[in-house]
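So the structure is just underneath, and the comments pick up after that.
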Amino acid sequence: MERDTFNDTARTLEDAFFAKENARLLQQLRDRAKQQERRAAMRDVVRVDDDELIDHLITLGLEPQTVLALQLVPLAAVAWADGKIEPNERDAVLKAAAAEGIAPDSVAGQTLGTWLQHRPGAELVDAWKRQMRALWPSLSPKERDEIRGSALERARSVAESAGGFLGLTSKISPQEKAVLDELAKVLAD
């Protein structure tokens, strides 16, 4: 009888240990799955196959929506540089957004649509600058190069989408050039 009680106690302890261990392993699997989901969401926004950059952005506490907004502000700033948006500029911004996977009916797409209808205030661009300046030192030189290159390329394509006269003048207005120069200054090392 005493041996049965001992076996029952041992079995109970063993069951408790394995239940706790199974719960720990299950939580690890859930955490890994959640991390993979965050990576996939961030990868969709950043559009690079650099897992280190993706993980670094996540480690910094950035969410895909934040990174997306950081990518769109320069486009709106360049489009509005001369005080109005030309149809070609609007199309270029929407094309750049679509290339980043931004659907017009998504929150980011709707926000961008609002920015294209109504000029965002200077405080939005200032907030973008502050955010980038805060983020910049925590990125590696390679990460900075990737972000700088893609941001300036998209902004320049918006600036070049309107303007110029029969190919004889620059497609980039002086106001757009000033915004591009300011963006480049913010994204400089």
Side-chain angles (χ1 to χ4, degrees), residues 41-48 53-54 56-57 60-165 167 169-189:
M42 188 67 79
R43 191 174 287 111
D44 285 345
V45 169
V46 178
R47 299 278 175 156
V48 295
L53 173 60
I54 299 296
H56 191 118
L57 294 174
L60 292 172
L62 296 175
E63 294 294 328
Q65 299 84 353
T66 307
V67 174
L68 196 52
L70 290 174
Q71 293 176 356
L72 297 178
V73 170
L75 303 181
V78 168
W80 280 103
D82 56 4
K84 63 187 183 314
I85 293 184
E86 300 291 332
N88 288 350
E89 289 172 316
R90 180 181 179 78
D91 292 345
V93 170
L94 293 174
K95 182 179 176 182
E100 295 301 319
I102 299 169
D105 60 342
S106 68
V107 173
Q110 291 173 5
T111 301
L112 183 60
T114 300
W115 292 345
L116 294 176
Q117 290 176 359
H118 308 285
R119 186 178 193 162
E123 63 275 358
L124 178 68
V125 176
D126 288 342
W128 175 83
K129 290 176 184 178
R130 282 193 313 274
Q131 180 69 30
M132 291 309 295
R133 285 182 182 128
L135 174 65
W136 216 240
S138 62
L139 299 174
S140 72
K142 179 183 175 209
E143 292 167 337
R144 283 182 248 161
D145 287 345
E146 288 177 7
I147 291 171
R148 179 186 308 111
S150 64
L152 294 177
E153 180 183 324
R154 285 190 305 270
R156 185 171 304 284
S157 74
V158 169
E160 291 175 343
S161 66
F165 181 72
T169 60
S170 173
K171 288 185 170 192
I172 298 176
S173 72
Q175 297 91 338
E176 291 167 332
K177 181 169 180 357
V179 171
L180 288 170
D181 289 347
E182 184 63 26
L183 296 173
K185 195 160 71 172
V186 170
L187 300 176
D189 288 329

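Residue numbers count from 1 along this sequence.
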Item to check | Results of side chain to side chain contact (heavy atoms under 4.5 Å, CB included) for Trp128 - residues two or more places apart only | outcome: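 Trp128 satisfies side chain to side chain contact (heavy atoms under 4.5 Å, CB included) with Leu70, Val73, Pro74, Met132, Leu183, Val186, Leu187 once adjacent residues are dropped.
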Closest contact, heavy atoms only, [X] versus [Y]:
X	Y	answer
Ala155	Leu75	N-CD2, 3.7 Å
Gln117	Arg90	N-NH1, 4.4 Å
Ser161	Asn88	O-CB, 3.0 Å
Ala97	Leu112	CB-CD2, 3.4 Å
Leu152	Ala184	CD2-N, 3.9 Å
Lys177	Ile172	N-CG2, 3.6 Å

Next on the checklist: Let's go through Asp145 and Lys142 carefully: what are the C-alpha distance in whole Å and the side-chain angles of both, what is the deciding distance for salt bridge (Lys or Arg N to Asp or Glu O under 4.0 Å) to 0.1 Å, and is it a yes or a no?
Outcome noted: CA-CA 5 Å; Asp145 287 345; Lys142 179 183 175 209; over 6 Å; no
Checklist entry - Would you say Arg156 has more than 12 foreign heavy atoms packed within less than 6.0 Å of its CZ? => result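 No, CZ of Arg156 has 12 or fewer neighbouring heavy atoms, counting only those of other groups under 6.0 Å.
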Checklist entry - Does the pair Glu143 and Ser138 meet the rule for a side-chain contact (heavy atoms from CB on, under 4.5 Å), with working shown? => result CA-CA 10 Å; Glu143 292 167 337; Ser138 62; over 6 Å; no
Checklist entry - Does the Trp115 side chain pair with the main chain of Ala77, one donor and one acceptor, at a distance under 3.5 Å? => result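 Judged by distance alone, no pair lies under 3.5 Å.
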Would you say [X] and [Y] make side-chain contact, with heavy atoms under 4.5 Å?
X	Y	value
Ser157	Glu153	no
Ile147	Leu139	yes
Leu94	Leu116	yes

Checklist entry - Pick from His118, Glu176, Arg119, Gln175: which one makes a side chain to side chain contact (heavy atoms under 4.5 Å, CB included) with Trp80? => result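 Passing option: Arg119.
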Item to check | Separation between OG of Ser173 and CD of Glu89, rounded to the nearest 0.5 Å | outcome: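 Output value for this atom pair is 7.5 Å.
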